[in-house]
Every structure is written in structure tokens, then in C-alpha cells.
Amino acid sequence: MGLRDMVKSASVHSAMLHSHELLVQATLFHCCLNASPFPSSSLFRPRPPSVPKANSTLVIEFLFEGFSSFGWQHRIVFFVVFLTLYLLTVSGNVIIVTIIHLDRHLHTPMYFFLSMLSISETCYTVAIIPRMLSDLLSPHQCIAIQECATQHFFYLTFGINNCFLLTAMGYDRYVAICNPLRYSIIMGKRSCVHLASGSLGIGLSMAIIQVTSVFGRPFCDDFVVSHFFCDVRPLLKLACADTTVNEIINFVVRVCVLVLPMGLVFISYVLIISTILKIASAEGRKKAFATCASHLTVVIIHYGCASIIYLKPKSQSSLGQDRLISVMYTVITPLLNPVVYSLRNKEVKDALCRAVGGKPLPT
């Protein structure tokens, strides 16, 4: 055999081995690809966006990286903890909505917005946590791109709705303290319904824009989402087309749903605090501030976590760090709504006592 034939034979043998490796990889993850070409990138190292090549494989399903790097013992612990927090969140919000609906003493604008926030928080957690719990027990489940888009839509809708509901609650507290004589006129039933429906309408509009923008991009070869749910930034990292327009849209959405509401809430509380400081009696100042304490606590935690994730410069973004903060934002923060408003709010505690047949707590 000549040298040329030996080189040719070695090349053929090497190609066969390489083909075998690709075949094994494709067999393991064939559910996430739509055709015969095989992925050539590593599993957990997304390729930067580029112009899709002619032989690229279009992705029809994704695989969440989630908590797959942890051993099964740790995942079981996470599952128990997250399931407990999820059940507490849902049951707490259901109790708050039920108490507000049944107790006529709570039929005020403040508690109307609180019930709307509780419903929105429940829908928000339902969109994310059940899938996350399922992936903890079985970490290699694929999610169809249509299901990912649906999860992304509801996550954005209710997340944005929460932001504007908190803003409406801030406006309610501003009117109650800074303009108490006209409170019943300004914050009438119709005004409250308009503010609540407007918040939901903004959430739906922004979600449609964002989902259409993100899922209008092609996803090629890479199918592993470096997160535990379908969030904007990890998805855009998998897109195999130019995402400049998406980044601009994402920036505009972040400004509209985070910077603008935070600015309005900040202005409201500057005016509220300046008004409270003008109250002559210390008891009056304490009572006025007590009506805002629960809302202010939820606002700081909610906007604080959201700002760390979504307002951080892209150059400083770490998907691993964002994932850790997202756990708090999606699992722990929704629980604070019923906890804070039930433990810090005397009217809610009195309503709970009346509901279970007890007497209201002493003043």
C-alpha cells in the first residue's frame, strides 16, 4: 500500500469515528433538533449569534440547563424547598383574595389592588415554578419552542402587570395621605378598575411585542437554555441571527416597565414622606407611615431584584448569577406579598381573626 493510500485510509477511519461520535450525540438529544444535520457545539456553551449557515440545524425544542449541574441529592432538596415555598405562596395569595372578597371592611381601593396583585403573583408563579419542579426531578426534558413562547408570554404579562400594580398602589397611598379629602372621589371604583385593567393591558402589549421579537429570530444548532425558564437574555444568546433590533426592543421594554414605574413610585413616596413630616403629632405620623410600610417593603424587594437582573449592563451580565437572583425573584419574592401584608397589616390580621371566628386584635 502506498503512502497516498495509507493517508486516505486513515482519513476515512477518522471520519468514521467522528461520524460515530456525532451519531451518539444526536441520539441522546434528537428531541431538540428537527433534521438530520448534527450539532457540532458543546452542550453548555452557546455559540454567539451570527448569520445562519446553509447547513445549520433549526431548533424546534429547547433543553433547560437549570439545576442539572447539581447531583440528584441536591436537586431533591431544592425540589422540597421550592415546592414548599410555591404551596405557601399560592395558598397565602388565595387566602388574601378570599378574605378581601368576604370582609366588607376591606372593600377599599388599597385592598382591591392588593387582591389584584395576589392574583397576578399566583399566575406569575404558576407560569414558571411547576415546570421548574418537574425539571428538578427529571432534568433532561425538552420543551417545545411553542411551549417556551407561551411560558415567556405569561411570565412577561404578569411580571409587567405586577410592576404597574405596585405603581398604582403607590398612587393610591399618595392620594390617601396627600389629598385625603378628595380620596373617595379620585380613587372611585371606576378609577381603580381602569388602573388595574390598564396595568394588565400594558403587560399584555409588552409581552406580545417581546415574544414576537424574540421568537421571530431563528434558533440554530444550540438548544440548551442557560436558565430554568424561558427568559429573554438566555434565549437571545441562542439566536443565530443578528439581535441588534431585539436588544433595542429589550432596552425600551426595560425602561418602560422598570425605570418608569420606579420613578413614579419614588416621586410618590417623596411627596408622601414630605406630607407625613408636616403632621404635628408623632402618633399621626406613625399611623400615616404604617399605611405605607407594607407596600414600601414589597416595592423595594420587587424592584430591587428586578433591577439587578434586567438593568445591569450586558458587559457585567453573568447567566449563572442571574439564574441565582431569578430563583429569589420567582420563588421567594412572590411569597413576600401575602407574608408582608398579613403580618404587618392590622386590618388584614383582624379580618383573618373574624374569618376564623375570633375577635379582632386589640389596637
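Everything quoted here is computed from the prediction, not taken from an experiment.
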Side-chain touch Cys142/Phe223, heavy atoms, less than 4.5 angstrom = no

- For the pair Tyr329 and His302, evaluate ring-ring contact (aromatic ring centres under 6.0 Å, His included) and give the outcome as yes or no after the intermediate values. CA-CA 7 Å; Tyr329 186 63; His302 179 89; 5.6 Å; yes

When rounded to the nearest 0.5 Å, the distance separating OH of Tyr269 from OG1 of Thr275 is 12.5 Å

Margin query: For a quick check under 3.5 Å, do Glu121 and Thr89 share a side-chain donor-acceptor pair by atom type?
Written below: no

Are Val255 and Val265 in one and the same hydrophobic cluster, where Ile, Leu, Val, Met, Phe, Trp and Tyr link if side-chain heavy atoms are under 4.5 Å apart? yes

*asked:* Quick check: do Thr167 and Tyr303 have side-chain heavy atoms less than 4.5 Å from each other?
replied: yes

(Q) Less than 4.5 Å apart, side chain to side chain, heavy atoms only: is that true for Glu61 and Ile145? (A) no

Do the non-hydrogen side-chain atoms of Met169 and Leu117 ever get within less than 4.5 Å of each other?
yes

Interatomic distance, CE@Met132 vs CZ@Phe82, rounded to 0.5 Å, equals 5.0 Å

Has Phe215 got more than 12 heavy atoms of other residues, nucleotides or ligands less than 6.0 Å from its CZ? yes

| query | Are Val253 and Leu200 in one and the same hydrophobic cluster, where Ile, Leu, Val, Met, Phe, Trp and Tyr link if side-chain heavy atoms are under 4.5 Å apart? | reply | yes

Tightest non-hydrogen contact, residues Tyr183 and Val175, listed as CD1-CG1, 3.6 Å

Do any N or O atoms from the side chain of Thr212 and from the backbone of Ile209 form a donor-acceptor pair under 3.5 angstrom? no

Between Thr244 and Asp242 the two heavy atoms that sit nearest each other are OG1-OD1, 2.9 Å

* With a 4.5 Å limit on heavy-atom distance, are the side chains of Leu264 and Tyr171 in contact? -> no

> Does Ile119 belong to the same Ile/Leu/Val/Met/Phe/Trp/Tyr cluster as Leu156, with side-chain heavy atoms less than 4.5 Å apart forming each link?
Replying inline: yes

Check your understanding: Got Thr157 and Phe153 here, is their nearest side-chain heavy-atom distance under 4.5 Å?
Key -> yes

Closest non-hydrogen atoms of Val232 and Val214, given as atom of the first, atom of the second and distance, are CG1-CG2, 4.2 Å

Between Ser91 and Leu88, the two heavy atoms sitting closest are OG-O, 3.2 Å

### Query
Among the clusters formed by ILVMFWY side chains lying less than 4.5 Å apart, do Ile273 and Ile300 turn up in the same one?
no

Please confirm whether Phe62 and Phe219 have ring centers closer than 6.0 angstrom. yes

Between the CD1 atom in Ile177 and the CG atom in Asp172, the distance rounded to the nearest 0.5 Å is 9.5 Å

Does Leu136 offer a backbone N or O that forms a donor-acceptor pair with the side chain of Arg75 under 3.5 Å? yes

The complete set of side chain to side chain donor-acceptor pair (under 3.5 Å) pairs with one or both residues in residues 188-205, sequence neighbours excluded, reads none

Members sharing Phe266's hydrophobic cluster, built from side-chain contacts under 4.5 Å between Ile, Leu, Val, Met, Phe, Trp and Tyr, are Val270

The side chain to side chain donor-acceptor pair (under 3.5 Å) partners of Tyr174 (sequence neighbours excluded) come to none

With heavy-atom distances below 4.5 Å as the criterion, would you say the side chains of Thr125 and Thr330 are in contact?
no

CD1 of Ile267 to CD1 of Ile272, rounded to nearest 0.5 Å, is 12.0 Å

Rounded to the nearest 0.5 angstrom, the CG-OG1 distance for Leu85 and Thr333 is 11.0 Å

Just wondering, do Phe64 and Gln141 contact through their side chains at under 4.5 Å, heavy atoms?
-> no

Here the pair of heavy atoms bringing Ala196 nearest to Phe112 is CB-CE2, 3.9 Å

On a heavy-atom basis, the closest approach of Val225 and Pro234 is CG1-CB, 3.9 Å

**Item:** His227 and Leu235: CA distance, side-chain angles, deciding distance, side-chain contact (heavy atoms from CB on, under 4.5 Å) verdict
**Value:** CA-CA 9 Å; His227 217 311; Leu235 288 172; over 6 Å; no

Exercise for review: Name the orientation class of the two ring planes belonging to Phe78 and Phe67 (parallel below 30°, tilted from 30 to 60°, perpendicular beyond 60°).
Suggested key: tilted

inquiry  = Would His295 and Phe113 count as a ring-ring contact (aromatic ring centres under 6.0 Å, His included) here? Give the steps.
reply    = CA-CA 11 Å; His295 175 253; Phe113 289 123; 9.7 Å; no

Could you walk me through whether Ser307 and Met262 satisfy the side-chain contact (heavy atoms from CB on, under 4.5 Å) test, starting with their C-alpha distance in whole Å, then the side-chain angles of each, then the deciding distance to 0.1 Å, before giving a yes or no?
CA-CA 10 Å; Ser307 299; Met262 279 195 298; 3.4 Å; yes

Any chain of hydrophobic side-chain contacts (each under 4.5 Å) joining Phe164 to Leu258? yes

By side chain to side chain donor-acceptor pair (under 3.5 Å), Tyr155 pairs with (sequence neighbours left out) Tyr310

| request: Give a yes or no answer on whether the side chain of Asp103 reaches the backbone of His105 with a donor-acceptor pair at less than 3.5 Å. | output: yes

Between the CE atom in Met328 and the CD1 atom in Ile332, the distance rounded to the nearest 0.5 Å is 6.0 Å

message: Donor-acceptor check, side chain of His107 to backbone of Ile100, threshold 3.5 angstrom: yes or no?
response: yes

Taken in chain and number order and not counting sequence neighbours, the residues that satisfy salt bridge (Lys or Arg N to Asp or Glu O under 4.0 Å) with Arg131 are Asp135

Short side-chain to backbone donor-acceptor contact, Arg217 and Ala241, under 3.5 Å:
no

**Q.** Side chain Asn161, main chain Gly203, donor-acceptor under 3.5 Å
**A.** no

Contacts of Cys230 meeting disulfide (SG to SG under 2.5 Å) (sequence neighbours excluded), chain-then-number -> Cys148

(request) Check for a donor-acceptor pair, side chain of Ser134 on one end and backbone N or O of Pro130 on the other, with a separation under 3.5 Å. (result) no

Candidate pair Val126 and Tyr124, rule side-chain contact (heavy atoms from CB on, under 4.5 Å), full reasoning = CA-CA 6 Å; Val126 168; Tyr124 173 82; over 6 Å; no

